[in-house]
Amino acid sequence: MGTSRSRVKKTRLVPVAPSGRREAGSIEMIFEIVRQIPPGRVTTYGSIAKVLDLPNARMVGHAMREVPSKGKPVPAQRVVTASGKLSHDTSGARRRLLIREGVVLKGDKIVDFARLFWDPATEL
DNA sequence: TCACTGACCGAGA
DNA sequence: ATCTCGGCCAGTG
């Protein structure tokens, strides 16, 4: 086999291209997936990374951190860790939003996570 | 360029 | 069920 490195794909998480035009791999694509998650359902950082062919789930975590308070809404509260827990929800804001949608939590852990899980790879 | 951090994840203990 | 580790790789200084 060739000795080429296994760098399969180079992904960049730029909000928008310098020209202002959206590109593949941009943070907007992640936002679009998140907007498809139905209320009361949740998905994971890793699932989104996988369906977009991103190198790892942290990319999605970074994207959620960049969600603007204005503009088209992005329900970031519906994105949780693979173990069904909210990550870095220090103010409890995302937790409250989920509860408002009918999601039952025990601390930062979603009860019956398996049933509420919405997989973008199969349900989108 | 190097070192370290992080809204992650899977495997093991 | 909980914790620790190693791997992942983009930002940051």
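Naming convention: chains lettered A, B, ... in sequence-line order (proteins, then strands); numbering from 1 in each chain. What's counted below: heavy atoms across the whole structure, side chains too, no hydrogens, waters or symmetry copies. Since the structure is predicted, the reported quantities are computational estimates derived from the model, not experimental observations.
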Visitor: Gln77(A) pairs by side-chain contact (heavy atoms from CB on, under 4.5 Å) with which of Arg100(A), Met64(A), Glu101(A)?
Guide: Glu101(A)
Visitor: Please state how far atom CD in Glu66(A) lies from atom P in dA10(C), giving the value in whole angstrom units.
Guide: 15 Å
Visitor: Measuring from the side chain of Met64(A) (C-beta onward, heavy atoms only), which nucleotide among dC9(B), dA7(B), dC8(C) has the closest atom?
Guide: dA7(B)
Visitor: Rounded to whole angstroms, how far apart are CZ on Arg58(A) and P on dG6(B)?
Guide: 9 Å
Visitor: Of the candidate nucleotides dA7(B), dC9(B), dG6(B), which contains the atom at the shortest distance from the side chain of Arg94(A)?
Guide: dA7(B)
Visitor: Taking CD1 from Ile27(A) and P from dA7(B), how many angstroms apart are they, rounded to a whole number?
Guide: 13 Å
Visitor: How long is the line joining CG of Asp108(A) and C1' of dT2(C), in whole Å?
Guide: 15 Å
Visitor: Send over the distance from Lys85(A) NZ to dG10(B) P, rounded to a whole Å.
Guide: 14 Å
Visitor: Between dG6(C) atom P and Asn56(A) atom CG, what is the distance in whole Å?
Guide: 18 Å
Visitor: How long is the line joining CD1 of Ile30(A) and C1' of dA10(C), in whole Å?
Guide: 12 Å
Visitor: Should Ser87(A) be listed as having a side-chain N or O under 4.0 Å from OP1 or OP2 of dC8(B)?
Guide: yes
Visitor: Among dC9(B), dC9(C), dA7(B), which is the nearest nucleotide to the side chain of Pro55(A)?
Guide: dC9(C)
